[in-house]
Amino acid sequence: MEKRAEAVADQAHRRWIASSDPDEHVEQIRPYIELGFTHLIFHAPGEDQSRFLQIYAKEILPRLRKRFG
């Protein structure tokens with residue numbers, strides 16, 4: 001597993017949203033919404049999941065609702 005992870009280590013930025021810009025989050029989520037996804041999971045590595053979810057709820061989710069309903 002470690003060898004496989006090392007082989008794609010330089011690709012993590014393509015699989016996960018790593019940005020402090022809320023509008024960039026919306027843009028990177030957009031393709032999934034346009035494909036018809038109705039259930040998305042938002043997670044951040046780290047110990048303070050509550051803080052992450054509070055920030056996401058305040059900064060990103062309202063932008064998603066405004067743009068996509």
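Index from 1, following the sequence. Side chains are part of it too, since the values below use all heavy atoms of this structure and drop only hydrogens, waters and symmetry mates. Since we're looking at a predicted model, the values are computed, not measured.
The two residues Tyr56 and Pro62 have their closest heavy-atom pair at O-CD, 4.3 Å.
Between Phe42 and Leu61, some side-chain heavy-atom pair lies under the 4.5 Å cut-off. Residues Phe68 and Val26 form a side-chain contact, since some pair of their non-hydrogen atoms from C-beta on lies under 4.5 Å apart.
Interatomic distance, CD of Glu24 versus CD1 of Ile29, reported as 10.5 Å (0.5 Å rounding).
Sorted pairs that involve residues 35-50 and meet salt bridge (charged side-chain N to carboxylate O under 4.0 Å, His left out), not counting sequence neighbours, are lacking altogether. Here side chain to side chain donor-acceptor pair (under 3.5 Å) pairs that include residues 57-66, with residues two or more places apart or in two chains, are Asp23-Arg63. The stretch residues 35-45 participates, sequence neighbours left out, in these side chain to side chain donor-acceptor pair (under 3.5 Å) pairs: His43-Gln49.
Ile55 and Leu64 are not part of a single hydrophobic cluster, where members link through side-chain heavy atoms under 4.5 Å apart.
No more than 12 heavy atoms of other residues, nucleotides or ligands lie within 6.0 Å of CZ in Arg51, so this atom counts as exposed by the packing criterion.
Of the possible donor and acceptor atoms, none in the side chain of His25 sits under 3.5 Å from a partner among the backbone N and O of Ile17.
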